[in-house]
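Quick note: residue numbers are just sequence positions, from 1. Source: prediction; values computed, not measured.
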Amino acid sequence: MTKLTAKNLSGLMVAGLALLTSQAFAGTLDDVKARGYINCGVSEGVPGFSNPNSDGDWTGLDVDMCRAVSAAIFGEGDKIKFIPLASKQKILAVVTGQVDLTSRTTTWTMKRDTKEGVDFTTVVFYDGQGFMTRKSLGVKSAKELNGATVCVTSGTTTELNLADFSRANNIEFEPVVFEGKKEAVNAYRSGRCDALTTDNSQLASFRTTMKDPSAHIVLPDVISKEPLAPLVKHGDNQWKDLVTWTINGLITAEELGVTQKNVTNLDESQRNNPTIQRMLGASGEYGSYIGLQNDWMEKAIIAVGNYGEIYDRNLGKDSPLDLPRGTNALWKDGGLLYVAPLR
């Protein structure tokens with residue numbers, strides 16, 4: 001029997017580490033590169049987040065997250081196939097490999113993160129569940145909806161939150177349950193339900209699609225926490241890191257004033273900033289950590305801009321929704337957007 005010396009043990013450890021490293025770097029990224037595009041799961045249509053425009057092109061904050069990942073990998077933001085997913089499909093599609101990631105107003109919960117075979121990346125929108133109803137009902141609060149019919153999507157945190165709110169406040173709702181968000185919204189639009197419940201940002205979005213938006217009101221009650229984040233299949237650490245740090249980079253770019261317009265023409269103070277140098281590939285080998293070229297974030301920013309630009313274009317001041325940043329402002333501006341340092 002061969003005696004296991006310290007030298008032999010050291011050699012075995014190095015070999016084992018090399019094997020683990022090669023396994024970690026063989027997965028979704030290799031498949032995506034070989035295919036030539038990303039399969040991105042999106043909603044069936046939520047203006048501001050993921051929705052086809054009049055030309056059939058997908059737009060929205062969730063869409064731009066996928067475009068940023070595409071640009072980081074391929075240098076172009078359009079190497080994507082967008083796959084609309086109903087609420088019940090958004091996790092299963094990732095687990096089964098139908099999509100490489102889902103970027104679709106999906107709440108990060110413990111059960112999903114630990115039991116359903118997916119990993120969440122970075123929160124891209126902090127939301128909360130609310131209710132929309134018709135002004136003609138004269139309702140000022142969700143607690144006045146006792147006995148009301150409420151349109152809700154099945155198999156979602158929305159359905160569970162509605163039941164929890166009902167029990168906690170001793171209110172009787174009559175849920176009218178639908179498989180997809182589109183069906184629930186259409187049912188509310190047609191008058192089948194007294195109220196519609198989902199995330200407040202989506203209610204604001206859907207309100208703009210009503211025949212007379214002014215006839216509808218989003219009630220002030222916020223009954224849950226809904227941190228929304230893209231998700232990937234559990235176990236592929238490199239792919240999760242790639243998506244996570246691409247999004248982190250978009251938020252960091254806003255913090256540092258790096259924009260779609262100036263990213264290739266920074267002023268001297270920005271060029272000398274160590275974080276910006278690392279982010280844009282002027283120093284270090286940070287792209288190699290996730291299997292990409294060192295200018296991966298520069299490509300992403302050129303394609304979609306920083307987080308603030310993405311928000312303003314799709315949800316904020318430059319969009320029909322005109323949603324205030326609120327909790328989705330940067331931490332230094334009083335919001336919750338705070339990401340790990342790029343170093």
Pairwise distance CG(Leu228) to CE(Met65) - rounded to 0.5 angstrom | 11.0 Å
Looking at side-chain heavy atoms only, is the closest gap between Thr198 and Thr153 below 4.5 Å?
-> no
Solution key, residues 84-97 side-chain donor-acceptor pairs under 3.5 Å, sequence neighbours excluded:
{"residue": "Gln89", "atom": "OE1", "partner": "Ala86", "partner atom": "N", "Å": "2.7"}
{"residue": "Thr96", "atom": "OG1", "partner": "Leu92", "partner atom": "O", "Å": "2.9"}

Does Arg67 count as lying over the ring of Phe82, i.e. NZ or CZ under 6.0 Å from the six-ring centre, within 45 degrees of the axis?
-> no
Given side chains that start at C-beta, do those of Glu255 and Tyr338 come closer than 4.5 Å, heavy atoms only?
-> no
Between Pro274 and Ser283, the two heavy atoms sitting closest are O-OG, 4.5 Å
Any chance you could lay out the side chain to side chain donor-acceptor pair (under 3.5 Å) test for Thr149 and Asp194, step after step, and finish with the verdict?
-> CA-CA 5 Å; Thr149 53; Asp194 298 314; 3.1 Å; yes
Could you tell me whether Phe125 and Phe49 have their ring centroids closer than 6.0 angstrom?
-> yes
Using a distance-only test with no angle check, is there a side-chain donor-acceptor pair under 3.5 angstrom linking Lys181 and Ser43?
-> no
Do Thr122 and Asn248 have a side chain donor and acceptor closer than 3.5 Å?
-> yes
Do Tyr37 and Ser70 have side chains that get closer than 4.5 Å, going by heavy atoms?
-> no
Is it true that atom CG of Asn53 has more than 12 heavy atoms of other residues, nucleotides or ligands lying nearer than 6.0 Å?
-> yes
Side-chain donor/acceptor of Thr156 to backbone N/O of Thr158, under 3.5 Å = yes
Passing candidate, side chain to side chain donor-acceptor pair (under 3.5 Å) with Arg313, options Asp318, Thr59, Asp64 | Asp64
Minimum heavy-atom distance between Cys40 and Val99, given as atom pair plus value = C-CG1, 4.3 Å
After noting the C-alpha distance and the side-chain angles of Tyr188 and Arg134, does the key distance pass the side chain to side chain contact (heavy atoms under 4.5 Å, CB included) rule?
-> CA-CA 10 Å; Tyr188 171 77; Arg134 292 168 182 79; 3.3 Å; yes
Can you measure from OG1 (Thr327) to CG (Asp127) and round to the nearest 0.5 angstrom?
-> 7.5 Å
Mind checking whether Val304 and Val63 sit in one hydrophobic cluster, side chains of I, L, V, M, F, W, Y counted as touching below 4.5 Å?
-> no
Please answer whether the main-chain N or O of Lys182 pairs with a side-chain N or O of Glu44 as donor and acceptor at a distance below 3.5 Å.
-> no
Give, for atom CZ of Phe131 and atom CG of Leu203, the distance between the pair rounded to the nearest 0.5 Å.
-> 9.5 Å
Can you tell me how far CG of Leu145 sits from OG of Ser166, rounded to the nearest 0.5 angstrom?
-> 11.0 Å
Looking just at side-chain N and O atoms, do Gln293 and Lys299 make a donor-acceptor pair shorter than 3.5 Å?
-> no
Please check if atom CZ in Arg271 has more than 12 non-hydrogen atoms from other residues, nucleotides or ligands closer than 6.0 Å.
-> yes
Would you mind reporting whether Val32 and Trp239 have side-chain heavy atoms less than 4.5 Å apart?
-> yes
Please report the closest heavy-atom contact between Val258 and Asn306, naming both atoms and the distance.
-> O-ND2, 2.9 Å
Can you tell me if Gln277 uses its side chain to pair, donor with acceptor, with the backbone of Ala282 under 3.5 Å?
-> no
Is the shortest heavy-atom distance from the side chain of Val232 to the side chain of Thr28 under 4.5 Å?
-> no
From Thr197, Asp164, Val177, residue fulfilling side chain to side chain contact (heavy atoms under 4.5 Å, CB included) relative to Glu159 = Val177
Correct closest heavy-atom pair for Ile310 and Asn314 would be O-ND2, 2.9 Å
Mark yes or no for whether Arg278, through its side chain, and Leu342, through its backbone, hold a donor-acceptor pair below 3.5 Å.
-> yes
Check the pair Trp296 / Trp245 against side chain to side chain contact (heavy atoms under 4.5 Å, CB included), numbers first and verdict last.
-> CA-CA 10 Å; Trp296 56 291; Trp245 281 99; 3.9 Å; yes
Is Arg112 close enough and on-axis enough to Phe120, meaning under 6.0 Å and within 45°, for cation-pi?
-> no
Leu266 versus Leu280: any side-chain heavy-atom pair under 4.5 Å?
-> yes
Do the side chains of Val339 and Ile301 join up, straight or via other hydrophobic residues, at under 4.5 Å, putting them in one cluster?
-> yes
Is there a path of hydrophobic side-chain contacts, each under 4.5 Å between heavy atoms of I, L, V, M, F, W or Y residues, that connects Phe173 with Val222?
-> no
Do we see a donor-acceptor contact under 3.5 Å between the side chains of Arg325 and Asn328?
-> no
Kindly determine whether Lys33 and Ile73 satisfy side chain to side chain contact (heavy atoms under 4.5 Å, CB included), including the steps that lead there.
-> CA-CA 8 Å; Lys33 286 181 175 179; Ile73 297 170; 4.2 Å; yes
Applying side chain to side chain contact (heavy atoms under 4.5 Å, CB included), run through Arg343 and Thr275 and close with a yes or a no.
-> CA-CA 7 Å; Arg343 63 170 181 263; Thr275 301; over 6 Å; no
Nearest-0.5 Å distance that lies between atom CG in Asp312 and atom CD in Glu254 | 8.0 Å
Is there a donor-acceptor contact under 3.5 Å from the side chain of Asn273 to the main chain of Ile276?
-> yes
How long is the span from the NZ atom in Lys240 to the NZ atom in Lys233, to the nearest 0.5 Å?
-> 15.5 Å
Closest heavy-atom pair and its distance - Met210, Met132 = CE-CE, 3.9 Å
Using modelled atom types only, decide if a donor and an acceptor are shared between the side chain of Ser103 and the backbone of Asp62 within a distance under 3.5 Å.
-> yes
Indicate, with yes or no, if Val42 and Leu101 share a hydrophobic cluster defined by side-chain heavy-atom contacts under 4.5 Å among Ile, Leu, Val, Met, Phe, Trp and Tyr.
-> no
Distance-only donor-acceptor check, side chains Asp199 and Ser201, under 3.5 Å = no
Single-linkage hydrophobic cluster Phe178~Val185, side-chain heavy atoms < 4.5 angstrom = no
Say whether, by atom type as modelled, one donor and one acceptor occur between the side chain of Asn262 and the main chain of Gly257 under 3.5 angstrom.
-> yes
Can you check whether Asn39 reaches Ile83 side chain to side chain, under 4.5 Å on heavy atoms?
-> yes
Counting distance only, does the side-chain N/O of Gln260 pair as donor-acceptor with the main-chain N or O of Ile302 below 3.5 Å?
-> yes
Do Leu137 and Ile217 come within less than 4.5 Å of each other through their side chains, counting heavy atoms only?
-> no
If every non-hydrogen atom of Leu250 is compared with every non-hydrogen atom of Gly305, which pair is closest and at what distance?
-> CD2-O, 3.4 Å
Kindly say whether Val124 contributes a backbone atom to a donor-acceptor pair with the side chain of Tyr307 at under 3.5 angstrom?
-> yes
Sidechain-backbone polar pair: Ser141 side chain, Lys143 backbone, donor-acceptor under 3.5 Å | yes
